[in-house]
Amino acid sequence: MSPVLIIILVFALFIFFSSFFTVKQQTAVVIERFGKFIGIRQSGLQLKLPVIDKVAGRVNLKIQQLDVIIETQTKDNVFVKMKVSVQFKVIPEHVYEAFYKLEYPHDQITAYVFDVVRAEVPKLILDDVFIRKDDIAIAVKRELNEAMTTYGYDIINTLVTDIDPDIQVKNAMNRINAAEREKTAAMFESEAQRIRIVAKAKAEAESKKLQGQGIADQRREIARGLVESVEVLNNVGINSQEASALIVITQHYDTLQAIGADTNSNLILLPNSPQAASDMLNGMVTSFTASNIIGEQMKKQPKREKSKNHTSTDYNPSDTSNPAEPA
């Protein structure tokens with residue numbers, strides 16, 4: 001085979017294979033003929049005129065993300081760095097506009113994000129920036145949609161993914177947060193302490209109430225026992241005065257026995273001689289007897305009529321005469 005034939009065959013094969021090209025999924029290819037746009041090819045095996053037509057460019061139809069970091073100032077003069085993530089894609093029906101009208105789409109989107117964020121954030125204080133970050137993202141998306149739809153781009157979503165204030169401001173915010181939590185903890189601890197004090201006071205009040213009821217019941221039973229003891233002694237010929245004195249002496253000995261049973265007691269009873277109980281009994285019997293005699297004499301005295309002109313100095317206790325009788 002001659003060299004010329006080989007050259008012609010190779011050129012023919014080159015022309016043949018250059019007429020075909022493939023387009024990947026989610027990609028659009030722009031075809032130009034002598035520098036003029038003639039069409040857009042979608043995914044698959046495509047055909048073009050060799051040498052005359054050429055692939056001017058490929059446009060990605062997938063959803064893309066652009067992260068924009070902006071430094072701006074809040075209303076309370078705090079500088080913050082914000083990271084805004086913009087998710088966008090090329091509209092398949094507007095590949096021509098996306099390829100020919102906008103040369104650097106990322107720079108265009110970044111410029112709009114800067115413009116919107118630096119217009120919205122200075123209206124807010126730092127705390128509101130954290131609270132209303134979704135409102136900032138919505139404002140960015142609205143502005144980008146209005147601007148980028150003309151160029152064949154659809155803004156899927158915008159997210160404020162990071163808000164980073166100055167390190168000193170963050171430390172101050174952490175201290176404020178810690179102080180607020182300590183204040184809340186102190187309030188809860190104080191309330192718990194108050195509840196414990198109230199509960200303890202209620203328990204002590206209830207305990208004293210029950211203790212008082214017990215003492216009252218005890219004294220009531222003691223009095224009932226004393227009455228029964230006096231009645232028993234009266235039945236054997238011992239009068240009430242002697243019975244009362246005897247009961248008191250018995251309680252005195254019970255007290256001495258109780259004191260003696262406690263080895264750690266340091267109580268001293270004075271007087272405490274062997275004849276102390278006998279003297280106490282005789283003294284009490286004598287006192288009760290004298291009291292009864294005085295009571296009987298006072299019952300026998302006639303009642304005196306009170307005069308309106310009498311005063312406390314006119315009364316003579318030793319005067320037993322009847323004031324109603326003439327002198």
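Count residues from 1 along the sequence. Basis for what follows: all heavy atoms, side chains included, without hydrogens, waters or symmetry-related copies.
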inquiry  = If hydrophobic clusters are built from ILVMFWY residues whose side chains come within less than 4.5 Å, do Val59 and Phe21 share one?
reply    = no
message = Between the side chains of Lys183 and Glu180, is the shortest nitrogen-to-carboxylate-oxygen separation below 4.0 Å, so that they form an ion pair?
response = no
query = Looking at side-chain heavy atoms only, is the closest gap between Gln65 and Ile63 below 4.5 Å?
reply = no
inquiry  = Quick check against the 3.5 Å criterion: does Ser190 have a side-chain atom that pairs as donor or acceptor with the backbone of Ala186?
reply    = yes
ask   = Can you find a heavy atom in the side chain of Thr74 that is under 4.5 Å from one in the side chain of Ile125?
value = no
Closest approach of Val23 to Thr27 (non-hydrogen atoms, all atoms of both residues) = CG1-O, 3.3 Å
ask   = If you round to the nearest 0.5 Å, how far is NZ of Lys123 from CD of Glu120?
value = 4.5 Å
inquiry  = Return the NZ to NZ distance between Lys24 and Lys62, rounded to the nearest 0.5 Å.
reply    = 8.0 Å
request  = Find the distance between OG1 (Thr150) and CG (Asn145) and round it off to the nearest 0.5 Å.
outcome  = 10.5 Å
ask   = For Tyr96, what residues pass the ring pair (Phe, Tyr, Trp, His ring centres under 6.0 Å) criterion, not counting sequence neighbours?
value = Phe37, Tyr100
query = What is the distance from atom CD of Glu182 to atom CZ of Arg175, rounded to the nearest 0.5 Å?
reply = 12.5 Å
Gly152 versus Ala98, closest heavy-atom pair with distance = O-CB, 4.3 Å
ask   = Should Val90 and Asn60 count as side-chain neighbours, where that means a heavy-atom distance under 4.5 Å?
value = no
ask   = Hey, quick one: are Leu49 and Val55 part of the same hydrophobic cluster, counting side-chain heavy atoms closer than 4.5 Å, chains of contacts allowed?
value = no
inquiry  = Please report the interatomic distance CD(Glu204) to CD1(Ile197), rounded to the nearest 0.5 Å.
reply    = 11.0 Å
Within 6.0 Å of CD in Glu191, more than 12 heavy atoms from elsewhere = yes
ask   = Which pair of heavy atoms, one from Gln42 and one from Ala28, lies closest together, and at what distance?
value = OE1-CB, 4.3 Å
message = With rounding to the nearest 0.5 angstrom, report the CD1 to NZ distance, Ile70 to Lys81.
response = 12.5 Å
query = Honestly curious: do Met82 and Phe130 fall in one hydrophobic cluster under the side-chain, below-4.5 Å linking rule?
reply = yes
ask   = What closest approach, in Å, do Asp53 and Lys48 show between heavy atoms, and which atom pair accounts for it?
value = O-NZ, 3.3 Å
key: Note, Leu124 side chain near Lys75 side chain (heavy atom, < 4.5 Å)   = no
inquiry  = Could you walk me through whether Gln213 and Asp217 satisfy the side chain to side chain donor-acceptor pair (under 3.5 Å) test, starting with their C-alpha distance in whole Å, then the side-chain angles of each, then the deciding distance to 0.1 Å, before giving a yes or no?
reply    = CA-CA 6 Å; Gln213 292 178 354; Asp217 294 340; over 6 Å; no
inquiry  = Which heavy atom of Leu102 sits nearest to which heavy atom of Met148, and what is that distance?
reply    = CD2-CE, 3.5 Å
message = For a quick test of reading the model, state the closest non-hydrogen atom pair linking Ile69 to Phe114 and the distance between them.
response = O-CZ, 3.5 Å
ask   = Hey, mind stepping through Val116 and Arg142 against side chain to side chain contact (heavy atoms under 4.5 Å, CB included) and telling me if it holds?
value = CA-CA 10 Å; Val116 175; Arg142 182 176 60 250; over 6 Å; no
key: Option passing side-chain contact (heavy atoms from CB on, under 4.5 Å) with Val113 (candidates Thr110, Asp115, Val117)   = Val117
Test item: Asp154 and Thr149 side chains (from C-beta on) under 4.5 Å apart, heavy atoms = no
query = Are Tyr153 and Ile91 co-members of a hydrophobic cluster defined by side-chain heavy atoms under 4.5 Å apart?
reply = no
ask   = Do Glu97 and Tyr151 come within less than 4.5 Å of each other through their side chains, counting heavy atoms only?
value = no
Using atom types as modelled, flag every donor-acceptor pair under 3.5 Å from a side chain in residues 132-140 to any protein atom, sequence neighbours excluded.
unit_1: Arg132; atom_1: NE; unit_2: Asp135; atom_2: OD2; d: 3.3

key: Option from Val68, Asp67, Asp164, Leu159 for which side-chain contact (heavy atoms from CB on, under 4.5 Å) with Lys83 holds   = Asp67
key: Common cluster, Ile131/Ile163, ILVMFWY with side-chain heavy-atom separation under 4.5 Å   = no
